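To start, the structure under review is shown below, and the notes come after it.
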Amino acid sequence: MNLKKLIAIATTTAMLVLSASCGNSTNSSPGSTEKDSTPSPTGAYSDSVVAAVEGPKLMFSNVEAAPGETAEISLIVSGAHKNWTMCGIHVTFGEDLECVMDDPANNRISYELGAASKHSSGSVGMLWVNQLPEELTSNHLGCLFFTEIFEGDMGGDGEIVKFFFKVPEKAKKGTVYPIGIYYMPPDEAREDMFRNSADDLSLEKYAFENWTGGSITVV
C-alpha cells in the first residue's frame, strides 16, 4: 500500500469518526487521572475477547504552565514496540484550554509526532467542535481525535504525539486541567482503536482498559 493511500485512509477515518460522533452518545465515560475512572469498553468486543495479561500501556504526561503559556502534552505508549500499525484515539482536555490549531477552517489541530511515530506513514489530528456528548460537556471537557497509520507493525514505544494547549490568561494558580481518553466503541463509521496488523483485539482491549490520564497544572 503506497503512502498516499495510507494517508487517505487515516484522513477518511478522522473525518468519519468526527462526523459520526456529532449528536451521538456512548456508553463510555470521560478520562481521568484516577485509575478507577478509566473507561471500560463494555460491549465493544465479543465475549470471546479477553484483555491480554500484558499489552500496550497508553499514558499522558503531567506538565505545568503559567497563565497565557502554551503547554505541551505527550501521548506515550509502552509495551508495544513494533507491535502496532494504527491508532485512533479521542483525547479529552479541560474546556477552558485552547487547543492550538494548524488549520482552524478545517478543524485540524497542531501536533508533533514523537519517537514512537518515527516510521509513521500518515497521521491526522482534528478538533471535535460541535455537539459534544453530555458525558463531556457536563464534565467541562473538550475533545480532539488523533489517528495514525503505519505500513506494517512499525509503531514504536515512547512518545506517539505531542499536543499543544494554551492556558487561559486569567487561569488561577493551582488549577488542574485533566487530559484523558473518551473511548468510542466500534460502530459502522467510527471506532477508537490501537491495532496491530494481526488485529489482536486482546491487546487493544488491554490498551483501553489500562490507560493513564495526564494533566496541566497552572503555576
Side-chain angles (χ1 to χ4, degrees), residues 1-14 17 31 33 35 38-39 41 44-45 49-63 71-93 99-100 102 108-126 143-165 179-184 186 190-216:
M1 190 178 292
N2 61 44
L3 177 59
K4 288 184 178 180
K5 188 171 182 179
L6 287 167
I7 294 175
I9 290 173
T11 303
T12 301
T13 299
V17 167
T33 55
K35 184 176 181 180
T38 56
Y45 305 94
V49 178
V50 178
V53 177
E54 294 182 340
K57 188 67 182 290
L58 298 169
M59 66 175 293
F60 295 92
S61 56
N62 294 285
V63 302
E72 301 180 356
I73 287 288
S74 296
L75 172 60
I76 301 162
V77 65
S78 61
H81 182 61
K82 291 191 176 179
N83 194 29
W84 63 286
T85 189
M86 187 174 185
C87 70
I89 301 172
H90 285 82
V91 177
T92 63
F93 54 91
C99 184
V100 178
D102 180 57
R108 294 181 183 270
I109 67 169
S110 179
Y111 63 89
E112 182 179 308
L113 297 181
S117 300
K118 179 180 179 181
H119 301 291
S120 173
S121 297
S123 60
V124 178
M126 300 186 72
C143 191
L144 63 85
F145 181 73
F146 174 78
T147 184
E148 180 173 33
I149 195 166
F150 298 80
E151 198 161 3
D153 292 325
M154 294 303 293
D157 276 348
E159 183 185 59
I160 296 175
V161 61
K162 186 176 292 173
F163 304 112
F164 305 97
F165 300 99
I179 308 294
I181 291 175
Y182 181 66
Y183 180 78
M184 300 285 288
R190 68 170 190 264
E191 64 181 306
D192 280 13
M193 64 182 73
F194 197 90
R195 302 273 175 88
N196 60 13
S197 57
D199 279 337
D200 187 345
L201 295 182
S202 68
L203 295 178
E204 178 174 284
K205 189 173 183 181
Y206 180 94
F208 285 112
E209 286 185 346
N210 292 279
W211 61 268
T212 302
S215 64
I216 298 172

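Since the model is a prediction, treat every value here as computed from it, not as a measurement. Values below: all heavy atoms of this structure, side chains included; hydrogens, waters and symmetry mates excluded.
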- Task: Among K162, E112, E159, find the one that has a side chain to side chain donor-acceptor pair (under 3.5 Å) with S74.
- Result: E159
- Find the distance between OH (Y182) and SG (C143) and round it off to the nearest 0.5 Å. 8.0 Å
- So OH of Y206 and CG of D200: to nearest 0.5 Å the spacing works out to 13.5 Å
- Is there a donor-acceptor pair under 3.5 Å between the side chain of D157 and the backbone N or O of H81? yes
- Message: Once rounded to the nearest 0.5 Å, what's the spacing between atom CE of M59 and atom CD1 of I160?
- Response: 11.5 Å
- Message: Between F163 and F146, is there a side-chain heavy-atom distance shorter than 4.5 Å?
- Response: yes
- Mind checking the SG-CZ spacing from C87 to R195? Nearest 0.5 Å is all I need. 11.5 Å
- Query: Got a second to check how far E151's CD is from H119's NE2, nearest 0.5 Å?
  - Reply: 12.0 Å
- Message: Determine whether a donor-acceptor pair (N or O, by modelled atom type, separation under 3.5 Å) exists between the side chain of D153 and the backbone of S197.
- Response: yes
- Task: Report yes if the side chains of S202 and V50 come closer than 4.5 Å at any heavy-atom pair, otherwise no.
- Result: no
- Could you pull out the closest heavy-atom pair between A52 and L203, with the gap in Å? CB-CD2, 3.8 Å
- Item | Interatomic spacing from NZ in K118 to CG in L113 - rounded to 0.5 Å | 13.5 Å
- Closest non-hydrogen atoms of N62 and S215, given as atom of the first, atom of the second and distance, are OD1-OG, 2.8 Å
- Between L58 and I89, is any pair of side-chain heavy atoms under 4.5 Å apart? yes
- Query: Under 30°, 30 to 60°, or over 60°: which ring-plane class applies to F145 and H90, parallel, tilted or perpendicular?
  - Reply: tilted
- Would you sort out whether I181 and F60 count as a side chain to side chain contact (heavy atoms under 4.5 Å, CB included), showing the intermediate values? CA-CA 10 Å; I181 291 175; F60 295 92; 3.6 Å; yes
- In terms of ring plane angle, is the pair W84 and F150 parallel, tilted or perpendicular, where the classes change at 30° and 60°? perpendicular
- Please determine which of I73, T92, L75, V63 meets the side chain to side chain contact (heavy atoms under 4.5 Å, CB included) test together with I179. I73
- Task: State, with a plain yes or no, whether a side-chain heavy atom of Y111 is found less than 4.5 Å away from one of L144.
- Result: no
- Minimal non-hydrogen separation, V77 against A116, with atom names: CG1-CB, 4.4 Å
- With side chains defined as the heavy atoms from C-beta onward, is the minimum distance between S123 and V161 less than 4.5 Å? no
- Task: Check M86 against T147 and note the closest heavy-atom contact, atom names and distance.
- Result: CE-OG1, 3.8 Å
- Compare every heavy atom of P56 with every heavy atom of F194, then report the nearest pair and how far apart it is. CE2-CB, 3.6 Å
- Task: Without swapping roles, check the side chain of T85 against the backbone of G152 for a donor-acceptor pair under 3.5 Å.
- Result: yes
